[in-house]
Structures are given as structure tokens and as C-alpha cells.
Amino acid sequence: MLTVNVELKERRYPIYIGENLLKDPSVYPLKSGDKVMIVSNETIAPLYLDTVTKTLENIGCKVSNVLLPDGEKYKTLQSLDLIFTALLKENHGRDTTLIALGGGVIGDVAGYAAASYQRGIKFIQIPTTLLAQVDSSVGGKTAVNHPLGKNMIGAFYQPITVIVDTLTLNSLPKREVNAGLAEVIKYGAILDLAFFHWLEQHIDNLVALQQADLQYCISRCCQIKADVVARDETEKGDRALLNLGHTFGHAIETHLGYGNWLHGEAVAVGMMMAAALSEQLGNISKADVGRLEKLLARANLPTISPDTMQPEDYLPHMMRDKKVLAGKLRLVLLKTLGQAYVTTDMDKSLVLSAISACTQTD
Ligand SMILES: NC(=O)c1ccc[n+]([C@@H]2O[C@H](COP(=O)([O-])OP(=O)(O)OC[C@H]3O[C@@H](n4cnc5c(N)ncnc54)[C@H](O)[C@@H]3O)[C@@H](O)[C@H]2O)c1
Ligand SMILES: O=C(O)C(=O)C[C@@H](O)[C@H](O)[C@H](O)COP(=O)(O)O
Ligand SMILES: [Zn+2]
């Protein structure tokens, strides 16, 4: 088992990474008599809920669960209310620990429920998608979507432990594995050229869920994110680099309707648009933009805009992005592969030109 620590002083927490961890009582920061509410969904529960429940009951915990409907379109205030109702119906107080058993949607909604129920209860992330294991379960961004924007209602609220059981990925649909690889590739592009190069040599093994390479990859991604979060937990500076491709990507998700394109797919296209803009500004080379495109393609990810979207469809959504300050569009771009930066006031005509460069022409 590998351990990555997120260093936030008294709120420091471990990320355990390994096989069969769902069954390992030593990774749960719980003791006999503790009350637990597991939040999951109708897809994951038949696969993993019993295993986690049995492990917790063997510790001596009193375990309840609430299942949300499955999908990005259920990352909503209504789903949040389902969790609150389940907690209140069983008189759960501030001594209850919430467990998020699922992907990023479950983790974000359950995390925001933990942040806000009775002004805050402890929560544990048990991510079961590659995307959640390398990204969403770490760092404390919690949220629900609004019809006018992604993750528009939420809080920064850290888990007390993250339990990454890589064997859960064996039941994950291939499209979801590929979506998680978008966030993996993002880490190399923004902060770690050596990791990007490692990915170029190992991406086929990751697509095939080869365990040794997978566990190294997940630990490297978690370490990169843990270091950024420790430096800038609430995104006043460097944490914005983790948002590469997201201003474009969130526009795709919101415009098409949540769940049509997977988050990772939208982010892959968004990273290509950011790279095209970076090249137009004289930063990253054409050859390195090509390396990014090739790696995304090898992960079976899209690299061009949805054919139902025009460049002008993006801007209204982008102007609501959470990185916008004083009405100025701020984007994460690439100085070069492995080195991202945040712009202050992006010229909209250049943005449209970059989107067009990633749009199929008939
Ligand atoms: N908070 C953050 O820092 C952060 C980071 C990245 C993404 N996100 C958010 O995460 C969400 C995307 O998360 P995701 O990609 O995990 O999607 P997801 O949570 O929708 O899960 C993908 C699908 O796979 C199913 N599933 C999950 N685990 C499974 C397993 N082990 N076996 C079989 N099926 C399984 C789910 O039920 C779902 O149908 C987006 O809302 C995005 O905004 C948040
Ligand atoms: O943790 C972060 O910070 C990230 O930006 C990680 C992203 O991959 C993730 O999709 C995050 O939810 C996007 O943040 P948002 O602030 O744009 O909602
Ligand atoms: Zn993301």
C-alpha cells in the first residue's frame, strides 16, 4: 500500500492507495460505536456497498446509507437534500461521519453535504473511478452544479481520509477510465514534464488498467495535487493551474447539458483549446501541442469541439467561470509542456480563434 499525505497542519490527512483496501479496517479512521452514513448511488451500491458496510460493522460502527440517482445531471441541490433528509430522519448529529463511496459526482455532492450539515461533519472519500482517485477525492473542492454553470454552489472542505482501492477500477466502463486519463495527462502538462514523458511511455498500460503502472500513476497524481493544495488550498494562486482546460471544458458540459459529454472528455478538448491559444501567443511549440494531442488520442479522448457547438457558444459560459475577476476572463495556458500559467485579461478574439482551431470544418 502507498500513502500520500495532504499537509494542511492540523487538518493533515492521508491518501491510502492499494488493492483490497475496502476490506482493510486499518485504513478507516473510525472506532467501535462510531455512527456512519455512506453516500453512494444505484450503480456502485450493488458492487461495493456491502463490502464497505461489513468492514465498518466489524469495526463496531453503526452504518446507514443513502443512494442517489446516478449521473452528472443529479449533481444538484435536490440530491444534497436527499442526503440531509436521510441524516435527519435517523437523528444523525455532528458525531456522524459521512462516507462518499463513488466517483467525482458522489464525492462532490457528499463532500458539500458534509461541509454544510449542521455546519460541518467529518467525511471520508472512497473514490471508485480513476478520475476521482487521481483528482476529485483530493483537495477539498466540493460542489453541486447549477443550470447556468458547473460547480457553482459549494465549499472548500477537506476529507479526513481518502481510501483508493484500485481494484474497484476493474468494474469501471472503459469510457470512464479514459475520462480519468484526461486529468492524469493534465498533471503532466501543467507541472511535470518528466511525468508527461512517463505517460507517453506507459499510457497503453494505464488504458489497460495494468495495476503496477496504475498505482504509480495514481500516487504521482495525488502527490502533485497534494503539493499544490498544501500551498494554495483555496485557489488564490497556483491552485488555478489544476484548472487547465476547464474554462472551455465546463462550457461544453453546461452547453450540451450535464452528462452528455463526460467531464474528462470536455477537459481533454479544453486542454487542446488552451494549447492552441498558448501556441498562438508564441508560448508552447507546435510540436509540443502535437505531443499533447497524440497522448490524448492514445487515451481515446476527443481533441476537437463537439460538432453541435460553434465558437461563439462558448463565451457566455466562460464569462461565468469562477476564475473571472472584475469581469476579466482569466485562463490557464501553457508556457511550454510541463509549465502552465494563469493569464489576467484574455482577448476574446484570440479565444474565439483558438476555439475555431479546434473545431471541425466541413
Ligand atoms: N472536486 C474536485 O476537485 C473535482 C475534480 C475533478 C472532477 N470533479 C467532478 O467530478 C465529476 C466527474 O467524476 P467521475 O468522472 O468520477 O464521474 P461519475 O462520478 O459520474 O462516475 C462515472 C460513472 O461511473 C460509475 N461508477 C463509478 N465507480 C464505478 C466503478 N468502480 N465501477 C462501475 N461503475 C462505476 C458511476 O456510477 C457513474 O455512472 C464531475 O462532476 C467533475 O466536475 C471534481
Ligand atoms: O482541484 C482543483 O482545483 C481543480 O481545478 C481540479 C479540477 O480537475 C476539477 O474539475 C475542479 O472541480 C474544477 O474546479 P472549479 O473550481 O472550476 O469548479
Ligand atoms: Zn476536472
Side-chain angles (χ1 to χ4, degrees), residues 22 40-48 67-76 100-112 125-146 149-159 164-184 186-187 190 209 221 224-226 228-229 232-251 253-254 258-259 261-268 270-271 318 320-324 330 332 340:
L22 299 189
S40 193
N41 72 25
E42 300 146 351
T43 303
I44 298 153
L47 296 167
Y48 304 112
L67 304 186
L68 304 182
D70 185 4
E72 182 75 27
K73 66 181 179 184
Y74 296 108
K75 189 176 169 181
T76 60
L101 174 64
V105 169
I106 290 292
D108 280 12
V109 178
Y112 189 37
Q125 289 269 22
I126 305 182
T128 60
T129 65
L130 179 59
L131 188 142
Q133 293 184 358
V134 301
D135 195 350
S136 62
S137 62
V138 176
K141 274 192 177 178
T142 73
V144 293
N145 297 327
H146 183 278
K150 275 281 292 185
N151 304 331
M152 285 299 171
I153 305 145
F156 288 100
Y157 193 72
Q158 302 295 339
V164 176
D165 186 333
T166 54
L167 292 184
T168 61
L169 300 181
N170 290 334
S171 58
L172 191 64
K174 286 298 167 206
R175 186 182 173 197
E176 299 292 350
V177 173
N178 298 336
L181 288 172
E183 305 277 19
V184 170
K186 179 191 74 178
Y187 287 112
I190 60 174
L209 296 179
C221 293
I224 292 171
K225 184 159 188 180
V228 171
V229 170
D232 180 27
E233 181 185 0
T234 57
E235 198 180 323
K236 298 294 185 294
D238 267 3
R239 184 163 185 171
L241 302 180
L242 298 172
N243 225 238
L244 175 71
H246 282 64
T247 310
F248 300 98
H250 282 167
E253 293 183 78
T254 306
Y258 299 127
W261 273 45
L262 303 184
H263 176 69
E265 294 166 346
V267 167
M271 287 195 282
M318 293 175 75
R320 291 193 190 101
D321 186 84
K322 296 183 284 300
K323 299 188 298 296
V324 168
R330 298 170 66 240
V332 182

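Both ligands and their constituent atoms are indexed starting at 1 by order of listing. Nothing here was measured: the structure is a model prediction, and the numbers come from that model.
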For the side chain of [X] and the backbone of [Y], is there at least one donor-acceptor N/O pair under 3.5 Å apart?
| X | Y | answer |
| --- | --- | --- |
| Lys186 | Leu242 | yes |
| Asp232 | Asp238 | yes |
| Asn41 | Leu67 | no |
| Tyr258 | His146 | yes |
| Gln158 | Gly139 | yes |
| Arg239 | Val229 | no |

For the Zn ion (ligand 3): protein N/O/S atoms at distances below 2.8 Å |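 Step by step: take the Zn ion (ligand 3), keep protein N, O, S below 2.8 Å, and you get 3.
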Select one of side chain, backbone, both or neither to describe which atoms of Leu242 lie under 4.0 Å from any atom of ligand 2, heavy atoms only.
->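 Both of them.
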Between His250 and ligand 2, which part of the residue brings a heavy atom under 4.0 Å of the ligand: side chain, backbone, both or neither?
->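 Within the 4.0 Å criterion, His250 contacts ligand 2 through side-chain atoms alone.
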For atom 15 (P) of ligand 2, which candidate among Glu233, Lys141, His246, Arg239 provides the closest heavy atom?
->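 Answer by nearest heavy atom: Lys141.
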Can you find a non-hydrogen atom of His263 under 4.0 Å from ligand 2?
->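 It does; at least one heavy atom falls under 4.0 Å.
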Distance in Å, Leu262 CG paired with Glu176 CD, rounded so as to fall on 0.5 Å steps =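 Separation between the atoms: 4.5 Å.
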Would you mind checking which non-hydrogen protein atom is closest to atom 12 (O) of ligand 2, with the distance to 0.1 Å?
->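 Its nearest protein heavy-atom neighbour is Asn151 ND2, 3.5 Å.
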Nearest protein heavy atom with distance in Å, relative to atom 5 (O) of ligand 2 |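 Scanning the protein heavy atoms, the shortest distance from atom 5 (O) of ligand 2 goes to Asn243 ND2, 3.0 Å.
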Hey, mind stepping through Lys225 and Asp135 against salt bridge (Lys or Arg N to Asp or Glu O under 4.0 Å) and telling me if it holds?
-> CA-CA 7 Å; Lys225 184 159 188 180; Asp135 195 350; 2.5 Å; yes
Under 4.0 Å from a heavy atom of Lys322: give me the atoms of ligand 2 that qualify, with their elements.
->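 Going through ligand 2 atom by atom, the ones under 4.0 Å from Lys322 are 15 (P), 16 (O), 17 (O), 18 (O).
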Numbering the atoms of ligand 2 from 1, which are under 4.0 Å from a heavy atom of Lys186?
->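 Numbered from 1, ligand 2 contributes 6 (C), 7 (C), 8 (O).
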What do you reckon, does [X] have a nitrogen or oxygen under 3.5 Å from a nitrogen or oxygen of ligand 2?
| X | answer |
| --- | --- |
| Asp321 | no |
| Lys150 | no |
| Asp135 | yes |

Once you restrict both partners to nitrogen or oxygen, which atoms of ligand 1 have a protein partner under 3.5 Å, and how far apart are they?
| from | atom 1 | to | atom 2 | distance (Å) |
| --- | --- | --- | --- | --- |
| ligand 1 | 1 (N) | Asp108 | OD1 | 2.9 |
| ligand 1 | 1 (N) | Lys141 | O | 2.8 |
| ligand 1 | 3 (O) | Lys225 | NZ | 3.2 |
| ligand 1 | 13 (O) | Gly104 | N | 3.2 |
| ligand 1 | 16 (O) | Gly104 | N | 2.8 |
| ligand 1 | 16 (O) | Thr129 | OG1 | 2.6 |
| ligand 1 | 19 (O) | Gly104 | N | 3.0 |
| ligand 1 | 19 (O) | Val105 | N | 3.0 |
| ligand 1 | 28 (N) | Thr128 | O | 3.2 |
| ligand 1 | 28 (N) | Thr128 | OG1 | 2.8 |
| ligand 1 | 31 (N) | Thr128 | O | 2.9 |
| ligand 1 | 31 (N) | Thr168 | O | 2.9 |
| ligand 1 | 31 (N) | Ser171 | OG | 3.4 |
| ligand 1 | 32 (N) | Ser171 | O | 3.3 |
| ligand 1 | 32 (N) | Ser171 | OG | 2.7 |
| ligand 1 | 37 (O) | Asn41 | ND2 | 3.0 |
| ligand 1 | 37 (O) | Asp70 | OD1 | 3.1 |
| ligand 1 | 37 (O) | Asp70 | OD2 | 2.8 |
| ligand 1 | 39 (O) | Asp70 | OD1 | 3.1 |
| ligand 1 | 39 (O) | Asp70 | OD2 | 2.8 |
| ligand 1 | 41 (O) | Glu72 | OE1 | 2.7 |
| ligand 1 | 41 (O) | Glu72 | OE2 | 3.0 |
| ligand 1 | 41 (O) | Lys75 | NZ | 2.8 |
| ligand 1 | 41 (O) | Lys150 | NZ | 3.1 |
| ligand 1 | 43 (O) | Lys75 | NZ | 3.2 |
| ligand 1 | 43 (O) | Lys150 | NZ | 2.8 |

Minimal non-hydrogen separation, Pro159 against Ser137, with atom names |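 In this case the closest contact between Pro159 and Ser137 is CG-O, 3.8 Å.
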Heavy-atom pair of closest approach, residues Thr129 and Leu169 |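 Minimum heavy-atom contact is C-CD2, 3.5 Å.
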Is a side-chain donor-acceptor pair under 3.5 Å present for Lys141 with Ser136?
->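 No pair is found: no donor N or O on one side chain lies under 3.5 Å from an acceptor on the other.
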Report yes or no: do Asn243 and Lys322 form a side-chain donor-acceptor pair below 3.5 Å?
->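 Result is no, nothing qualifies.
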So with a 6.0 Å cut-off around NZ of Lys174, is the heavy-atom count from everything else above 12?
->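 Result for NZ/Lys174: enclosed.
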Please list, chain by chain and in numerical order, all residues satisfying side chain to side chain contact (heavy atoms under 4.5 Å, CB included) with Tyr48, sequence neighbours excluded.
->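 Result, side chain to side chain contact (heavy atoms under 4.5 Å, CB included) vs Tyr48: Leu22, Ile44, Leu101, Thr168, Ser171.
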For Thr166, check side chain to side chain contact (heavy atoms under 4.5 Å, CB included) against everything at least two apart and list the hits.
->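 Partners of Thr166 by the side chain to side chain contact (heavy atoms under 4.5 Å, CB included) criterion, ordered by chain and then number, come out as Ile17, Glu19, Gln133, Val164, Gln211, Gln215, Ile218.
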